[in-house]
Amino acid sequence: MLIASDHGGLELKQIIVEFLQSRGIEVNDLGVHADDSVDYPDYAALVATPISNGDEKEGILVCGTGIGMSIAANKFSGVRAALVHDEFTAQMAREHNNANILVLGGRVLKPELACRMVDVWLNGQFEGGRHQNRLNKIIQLSSEDNSDK
Ligand code: RB5
């Protein structure tokens, strides 16, 4: 599992890395490893690029609120980055949106809740059907030129 954060998400990232490892999940931690101020798009790109090009299946991003990471990651083709707030939105991110990046706010979430959210997302199943039709429409949107609308 790929994971990265900026300085605002560092503390929660460390907790999630340990949580994943305790579940026997191999983690590729792409930083940050210190709390110096960095720019979150650089770390969003580290996780989103291999997912976008098909080298990796999914990942986790953490910044202070999760907002910047989700905006940045969703610029990458094929990435469905979902900023989630609780177990319900984590579950929906998998079942309805088939999110391939889970985005968390390190300054927003209690660590225990965040770990439960990761668990729910990891173990959920995409429902397909009408939800796949909606994902297809999102692909269609990105192939159209919507930049001046
Ligand atoms: C960094 O101070 C903060 O802006 C960042 O972690 C994130 O919350 C951005 O959306």
Side-chain angles (χ1 to χ4, degrees), residues 1-23 25-124 126 131 134-135 137-149:
M1 172 70 61
L2 293 180
I3 189 165
S5 75
D6 71 354
H7 52 290
L10 173 62
E11 209 174 307
L12 181 60
K13 172 173 69 68
Q14 306 290 67
I15 291 166
I16 291 170
V17 166
E18 283 166 31
F19 172 74
L20 292 170
Q21 288 170 338
S22 76
R23 296 291 172 104
I25 295 168
E26 195 182 323
V27 179
N28 187 359
D29 182 353
L30 301 171
V32 294
H33 301 292
D35 62 5
D36 308 285
S37 183
V38 297
D39 298 329
Y40 58 79
D42 298 336
Y43 291 86
L46 290 180
V47 168
T49 300
I51 292 171
S52 182
N53 67 26
D55 287 342
E56 295 283 344
K57 192 164 158 264
E58 53 198 18
I60 297 173
L61 286 167
V62 192
C63 65
T65 58
I67 296 171
M69 284 293 198
S70 55
I71 292 171
N74 280 313
K75 294 290 181 190
F76 288 76
S77 164
V79 164
R80 293 176 302 280
L83 172 56
V84 293
H85 306 287
D86 48 33
E87 287 171 272
F88 178 70
T89 50
Q91 181 187 345
M92 291 299 106
R94 174 67 78 194
E95 292 181 1
H96 287 193
N97 310 110
N98 203 16
N100 49 15
I101 298 185
L102 191 75
V103 189
L104 302 167
R107 294 174 178 156
V108 180
L109 295 168
K110 295 257 191 314
E112 268 179 31
L113 172 61
C115 291
R116 289 204 304 275
M117 290 158 65
V118 168
D119 198 40
V120 162
W121 173 71
L122 278 177
N123 292 304
F126 178 50
H131 302 295
R134 292 161 187 168
L135 297 188
K137 288 193 176 190
I138 294 175
I139 295 168
Q140 186 62 35
L141 289 177
S142 17
S143 65
E144 294 165 2
D145 180 9
N146 288 296
S147 54
D148 57 356
K149 290 183 190 153

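Indexing begins at 1, ligand by ligand and atom by atom, following the structure's order. Along the sequence shown, the residues carry numbers beginning at 1.
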Checklist entry - Are E58 and R80 within salt-bridge range, i.e. N to O under 4.0 Å? => result no

Next on the checklist: Restricting to salt bridge (charged side-chain N to carboxylate O under 4.0 Å, His left out), what partner residues turn up for R107, sequence neighbours left out?
Outcome noted: none

Next on the checklist: Check this for me: D35, atom CG, are more than 12 non-hydrogen atoms of other residues, nucleotides or ligands nearer than 6.0 Å?
Outcome noted: no

Could you give the N/O to N/O pairs under 3.5 Å linking ligand 1 and the protein, each with its distance?
{"residue": "ligand 1", "atom": "2 (O)", "partner": "R107", "partner atom": "NH1", "Å": "3.3"}
{"residue": "ligand 1", "atom": "6 (O)", "partner": "D6", "partner atom": "OD1", "Å": "3.4"}
{"residue": "ligand 1", "atom": "6 (O)", "partner": "D6", "partner atom": "OD2", "Å": "2.6"}
{"residue": "ligand 1", "atom": "6 (O)", "partner": "G64", "partner atom": "N", "Å": "2.7"}
{"residue": "ligand 1", "atom": "8 (O)", "partner": "G64", "partner atom": "N", "Å": "3.3"}
{"residue": "ligand 1", "atom": "8 (O)", "partner": "T65", "partner atom": "N", "Å": "2.9"}
{"residue": "ligand 1", "atom": "8 (O)", "partner": "T65", "partner atom": "OG1", "Å": "3.2"}
{"residue": "ligand 1", "atom": "10 (O)", "partner": "T65", "partner atom": "OG1", "Å": "3.3"}
{"residue": "ligand 1", "atom": "10 (O)", "partner": "G68", "partner atom": "N", "Å": "2.8"}

Checklist outcome for this item: Shortest non-hydrogen pair, V47 vs P50, comes out as O-CD, 3.4 Å

Checklist outcome for this item: Heavy-atom closest pair (H85 atom, L109 atom, distance to 0.1 Å) is O-CD2, 3.5 Å

Item to check | Atom CD of E11 with >12 non-hydrogen neighbours under 6.0 angstrom | outcome: no

